[in-house]
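Not measured: the values here are computed from a predicted model.
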Amino acid sequence: MEELIVEAYEKAESKYFFDITTKLERLLKKRYSLYDPRTLITTGQVRRILERRGLLFQYGLAGT
């Protein structure tokens, strides 16, 4: 899952947290069934993985 989060970070249009999690959601839907337990991830888990990897992101409104 960590690799998928990093991929979402790299493919996101900006480094706003909302954009990253939106890209992650799209990647999850593309790769796994809606009922697959691997799709159950919280924003807190995403944030911790990004921080642990040293990947910078911003909170706020995306696209502003």
Side-chain angles (χ1 to χ4, degrees):
M1 184 57 65
E2 196 164 326
E3 291 79 22
L4 197 59
I5 292 169
V6 172
E7 181 180 343
Y9 177 86
E10 292 170 351
K11 290 184 176 184
E13 293 179 16
S14 72
K15 297 310 173 205
Y16 283 103
F17 192 71
F18 179 78
D19 283 342
I20 297 165
T21 55
T22 299
K23 181 57 78 174
L24 176 61
E25 182 179 355
R26 289 182 183 147
L27 290 171
L28 286 170
K29 285 181 180 180
K30 184 187 286 188
R31 296 180 185 193
Y32 303 109
S33 163
L34 181 62
Y35 303 104
D36 192 319
R38 290 177 284 189
T39 62
L40 302 175
I41 186 165
T42 66
T43 55
Q45 290 170 311
V46 173
R47 180 184 51 79
R48 284 189 294 276
I49 289 170
L50 291 174
E51 288 173 346
R52 186 174 55 230
R53 289 279 188 116
L55 301 173
L56 301 176
F57 60 91
Q58 297 175 331
Y59 288 107
L61 298 176
T64 58

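- Scored by the salt bridge (charged side-chain N to carboxylate O under 4.0 Å, His left out) test, Glu25 finds Lys29 as partners (sequence neighbours excluded).
- Within the 4.5 Å cutoff, no side-chain heavy atoms of Ile20 are placed close to those of Leu55.
- Side-chain heavy atoms closer than 4.5 Å link hydrophobic residues (I, L, V, M, F, W, Y) into clusters, and following such links, even through other members, never connects Tyr32 to Leu40.
- Contact annotation: the side chain of Leu28 approaches that of Met1 to within less than 4.5 Å [non-hydrogen atoms, C-beta and beyond].
- Contact annotation: the side chain of Arg26 never approaches that of Lys11 to less than 4.5 Å [non-hydrogen atoms, C-beta and beyond].
- The salt bridge (charged side-chain N to carboxylate O under 4.0 Å, His left out) test applied to Lys15 returns no partner, not counting sequence neighbours.
- Considering only heavy atoms from C-beta on, Val6 comes within 4.5 Å of Glu10 through its side chain.
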Q: Kindly determine whether Tyr9 and Lys23 satisfy side chain to side chain contact (heavy atoms under 4.5 Å, CB included), including the steps that lead there.
A: CA-CA 8 Å; Tyr9 177 86; Lys23 181 57 78 174; over 6 Å; no

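- Distance check: Glu13 CD to Asp19 CG gives 6.5 Å after rounding to the nearest 0.5 Å.
- For Arg48, there are no salt bridge (charged side-chain N to carboxylate O under 4.0 Å, His left out) partners at least two apart in sequence or on another chain.
- To the nearest 0.5 Å, atom CZ of residue Phe17 and atom OH of residue Tyr59 are 5.0 Å apart.
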**Q.** Residue pair Arg31, Leu4: steps toward the side chain to side chain contact (heavy atoms under 4.5 Å, CB included) verdict
**A.** CA-CA 10 Å; Arg31 296 180 185 193; Leu4 197 59; 3.1 Å; yes

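- Atom OH in Tyr16 sits 14.0 Å away from atom OG1 in Thr21 (nearest 0.5 Å).
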Q) Under the side chain to side chain contact (heavy atoms under 4.5 Å, CB included) criterion, do Ile5 and Leu24 qualify, and how do the steps go? A) CA-CA 6 Å; Ile5 292 169; Leu24 176 61; 3.9 Å; yes

